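Quantities reported herein were computed from a predicted structural model and do not represent experimental measurements. Position 1 is the first residue of the sequence; numbering continues from there.
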Amino acid sequence: QVQLVESGGGLVQAGGSLKLACAASGRTFNSYAMGWFRQAPGKEREFVAAMSWSGGSTYSADSVTGRFTISRDNAKNTVYLQMNSLKPEDTAVYYCAADKIYGRVVRTTTLDYWGQGTQVTVSS
């Protein structure tokens, strides 16, 4: 079992930055690929960024490439999402997720474990 807890959300002006963290419980964190997703009101949950268990592979959505960076610290059982140059359209609840298979994280929302989400609001 893996439990995920996100933190770091908040209110920020357009052009600002936030860094989200997702802390995982369990001793097998470093065997899971990790991903960040977001869901805006009235919209489906969408993929943001993913990282393989080793950190050797990463992938991000076109809408955030060049602005958002995913990273992980396996010693701390934590994955991060650094968000720069934020835009109002980035406003959403951000979720982290874990799955044994990296390919699933980048292609689907049917994943093994999910956090409860953290709200990010970007004002114009």
Could you state the interatomic distance from [atom1] ([X]) to [atom2] ([Y]), rounded to the nearest 0.5 Å?
X: L86; Y: S17; atom1: CG; atom2: OG; answer: 6.0 Å
X: D73; Y: Y80; atom1: CG; atom2: OH; answer: 5.0 Å
X: E44; Y: R38; atom1: CD; atom2: CZ; answer: 14.0 Å
X: Q82; Y: S71; atom1: CD; atom2: OG; answer: 8.0 Å
X: M83; Y: D90; atom1: CE; atom2: CG; answer: 7.5 Å

Exercise. Could you tell me whether Y59 and F47 have their ring centroids closer than 6.0 angstrom?
Key: yes
Self-check item: Centroid-centroid distance, Y95 to F37, less than 6.0 Å
Solution: no
Hydrophobic clusters here meaning ILVMFWY residues chained together by side-chain heavy-atom distances under 4.5 Å, can you tell me if [X] and [Y] are in one?
X: W114; Y: I101; answer: no
X: Y94; Y: L18; answer: yes
X: L4; Y: V105; answer: no

Mind checking whether [X] and [Y] have side chains closer than 4.5 Å, heavy atoms only?
X: E46; Y: T109; result: no
X: W36; Y: F68; result: no
X: T121; Y: V12; result: no
X: E6; Y: Q116; result: yes
X: Y102; Y: S57; result: yes
X: T28; Y: V2; result: yes
X: V79; Y: M51; result: no
X: V122; Y: Q13; result: no

Self-check item: Inter- and intrachain pairs under disulfide (SG to SG under 2.5 Å), touching residues 37-70, at least two apart
Solution: none
Quiz prompt | Pair listing, disulfide (SG to SG under 2.5 Å) test, anchored in residues 57-124, at least two apart | solution = C22-C96
Non-hydrogen atoms of [X] and [Y] that approach each other most closely:
X: A92; Y: A40; answer: CB-N, 3.8 Å
X: M34; Y: I70; answer: O-CD1, 3.9 Å
X: V106; Y: G103; answer: CG2-O, 3.3 Å
X: L20; Y: G9; answer: CD2-N, 3.6 Å

Quiz prompt | Greater than 12 external heavy atoms within 6.0 Å of K76's NZ | solution = no
Practice problem: Return yes when atom CD of Q3 has more than 12 non-hydrogen atoms of other residues, nucleotides or ligands closer than 6.0 Å, and no otherwise. | Solution: no
Quiz item: Is the cationic atom of R72 (NZ for Lys, CZ for Arg) positioned less than 6.0 Å from the six-membered ring centroid of W53 and within 45 degrees of its normal?
Solution: no
Quiz item: Do side-chain atoms of S52 reach the backbone of G56 as a donor and acceptor pair under 3.5 angstrom?
Solution: yes
Quiz item: Is the backbone of F29 close enough, under 3.5 Å, to the side chain of N77 for a donor and an acceptor to pair up by distance?
Solution: no
Quiz item: Run the side chain to side chain contact (heavy atoms under 4.5 Å, CB included) check on R104 and T110 step by step: do they pass?
Solution: CA-CA 8 Å; R104 281 213 293 253; T110 306; 6.0 Å; no
